[in-house]
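Take a look at the structure below.
Chain letters run A, B, ... following the sequence lines, proteins first and then strands; every chain starts at 1. Note: hydrogens, waters and symmetry copies are ignored here, and every other heavy atom, side chains too, is used.
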Amino acid sequence: MFRNKEVLRPSYTPEELPHRQAQINQLATILVAALRGETPSNVFIYGKTGTGKTAVTRFVGKELQRTGQEKDRAVFFIYINCELVDTQYRVLTHIANHFIEDWNDRIPFTGWPTDEVYDKLKKKIDEKDGACIIVLDEIDKLVFKAGDDVLYNLSRINDDLKRAKVSVIGISNDLKFTEFLDPRVKSSLGEEEVIFPPYDAVQLQDILRQRAAVAFKEDSLEASVIPLCAALAAQEHGDARRALDLLRVAAELAEREGQKTISEKYVRKAQNKIELDRVTEVVRTLPTQSKLVLLATILGEEDGTKGLTTGEVYDTYRELCQAAHMDVLTQRRVTDLISELDMLGILQARVISKGRYGRTKEIQMSVPLDETKAVLREDPVLEPIVGFSPKKQARLF
DNA sequence: TGTCCACTGGAAGGGAGGGCTT
DNA sequence: AAGCCCTCCCTTCCAGTGGACA
């Protein structure tokens, strides 16, 4: 069935990006200054997930580097995903190490004072005569965690450089974060803006057809499969990544059942699988303390308590910790863990007021209980207590 | 109308674990 | 070895609060 499965993966950057010519041109026009030895403007790129922001940026960057080589102009294109590289220190180190070939000379991932890293970075960049384009993908994550000091320093770095030129491209799927920026940073980052609108269902179909032609052998797809994938993904704010995932997973499921063709049925199955896989993976990689909090919530809900409160979850949590011989964290800390679980979409916590009876969070699971418990059971610490029932236990005393 | 509950969520800081330089 | 630095996880302290109840 498959000819080349790789082209369906999110990491794959195709040679052609359908329906993104306008954004490619816009970005290229801004960055072409680098080839003339000028400093390109900083750019702010905004668009929802799976609208091609990263792919377009990488594509333009690659082209720019290639043309730069032909014209004998050095162009450095540094891509940083701020979800992983999320502190000022780490960003600076990452950029600086890009210019340090000697492995022994590299800046360690911790240990130096930040301003020393900054000095070294300036020195190293200035040794190269060329344009340096720094892409900060998911820049909102960086600002959220580390504030805008990094951006301020980076936007001012050109003042301290004699030869090299630096420009910054910030990519975000969240517009609100710019409100928290220092006005100077905001205006400097937003010199140019490129907007990526969501794909509609028809555009998604084009993208899927383009990839499917390479990915599958002839006649592997029933006619309705691509429109369905496109329609489902269009509902998810036009997410092309989701559309491709649906197609790939559907194909994998069909293949596993020995089918020669992919039908609608497998697309629907794929949709369920993708969501469940996401939850399973998130839960599996949770720290133990968060798992305990999660288990406390599940058990509370199974006991039939309506509108679970922080206090109730905390009580159960404490019993679980004792049963599992784990340290008991403070309620303050558990509050934060609950908020984190909320942000991960595993549960919902809304602040409500019960008047005379105080103010608290009302907590509700938003993923299936049994599947989640099965994942928790994989953890050796949790395994003995997953079947624990707080109420029964209490009755013994 | 005021009280007062059961928290929320900010601020500050400790300390362990990574590393650096001198 | 001593003296720093950065990050993560956590504790302590506490002012603030929406609304049911007296």
Side-chain angles (χ1 to χ4, degrees), chain A residues 80-97 100 102-124 136 138 141-154 176-177 179-180 282 285-297 300-301 305-322 324-344 346-364 379 381-382 390:
Chain A
I80 298 177
N81 185 336
C82 299
E83 193 164 18
L84 309 168
V85 184
D86 59 359
T87 64
Q88 151 141 281
Y89 182 89
R90 288 213 264 257
V91 168
L92 295 178
T93 307
H94 201 97
I95 302 169
N97 280 340
I100 301 174
D102 184 356
W103 199 257
N104 298 318
D105 204 20
R106 291 192 144 222
I107 301 173
F109 64 86
T110 173
W112 283 21
T114 305
D115 46 354
E116 211 161 307
V117 179
Y118 189 67
D119 285 344
K120 179 113 178 178
L121 167 65
K122 278 192 298 204
K123 219 176 90 208
K124 283 292 173 185
L136 298 174
E138 318 233 20
K141 302 263 165 49
L142 177 65
V143 172
F144 181 72
K145 267 207 71 174
D148 55 7
D149 291 359
V150 212
L151 302 182
Y152 183 69
N153 289 334
L154 281 180
K176 267 183 292 172
F177 93 98
E179 292 167 18
F180 306 113
V282 170
T285 53
L286 245 29
T288 309
Q289 289 291 350
S290 298
K291 287 182 182 169
L292 286 163
V293 174
L294 183 59
L295 182 57
T297 314
E301 203 153 289
T305 319
K306 280 257 171 63
L308 224 45
T309 65
T310 306
E312 286 158 357
V313 169
Y314 187 68
D315 287 344
T316 314
Y317 158 83
R318 219 167 35 201
E319 287 182 39
L320 289 173
C321 283
Q322 277 154 11
H325 307 293
M326 292 291 295
D327 290 344
V328 182
L329 302 182
T330 55
Q331 183 160 328
R332 178 69 186 83
R333 179 66 187 139
V334 169
T335 308
D336 281 343
L337 294 181
I338 291 173
S339 301
E340 281 168 29
L341 291 171
D342 185 7
M343 291 217 287
L344 289 168
I346 296 176
L347 47 75
Q348 279 183 306
R350 334 178 268 129
V351 179
I352 55 156
S353 175
K354 308 202 321 178
R356 192 67 245 273
Y357 305 102
R359 223 159 88 88
T360 181
K361 273 190 176 126
E362 196 177 68
I363 302 159
Q364 214 183 6
D379 188 318
V381 177
L382 280 280

Min and max contacting nt of DNA chain B in 5' to 3' order, chain A heavy atoms within under 4.0 angstrom, are B/dC4 to B/dC20
With sequence neighbours left out, the residues meeting side-chain contact (heavy atoms from CB on, under 4.5 Å) with A/N153 are A/Q88, A/Y118
Contact list (N/O, under 3.5 angstrom) for nucleotides 14-18 of chain C vs protein:
from   : atom 1 : to     : atom 2 : distance (Å)
C/dT17 : O2     : A/R359 : NE     : 3.0
C/dG18 : N2     : A/G355 : O      : 3.1
C/dG18 : N3     : A/S353 : OG     : 2.9

A/K141 meets the side-chain contact (heavy atoms from CB on, under 4.5 Å) criterion, sequence neighbours left out, with A/E83, A/E138
Under a 4.0 Å heavy-atom cutoff, the residues of residues 110-120 of chain A touching DNA chain B are A/T110, A/G111, A/W112
Across all chains, not counting sequence neighbours, the side chain to side chain donor-acceptor pair (under 3.5 Å) partners of A/Y89 are none
Residues passing the salt bridge (Lys or Arg N to Asp or Glu O under 4.0 Å) test with A/R90, sequence neighbours excluded, are A/D86
Hits for side chain to side chain donor-acceptor pair (under 3.5 Å) against A/R332, two or more places apart or cross-chain, chain-then-number order -> A/D336
By side-chain contact (heavy atoms from CB on, under 4.5 Å), A/P113 pairs with (sequence neighbours left out) A/D115, A/E116
Sorted by chain and number, sequence neighbours left out, ring pair (Phe, Tyr, Trp, His ring centres under 6.0 Å) with A/Y314 holds for A/Y317
Which donor-acceptor pairs under 3.5 Å do side chains of residues 346-357 of chain A form with protein atoms, sequence neighbours excluded?
from   : atom 1 : to     : atom 2 : distance (Å)
A/R350 : NH2    : A/E362 : OE1    : 2.8
A/S353 : OG     : A/G355 : N      : 3.2

Sorted by chain and number, sequence neighbours left out, salt bridge (Lys or Arg N to Asp or Glu O under 4.0 Å) with A/D149 holds for none
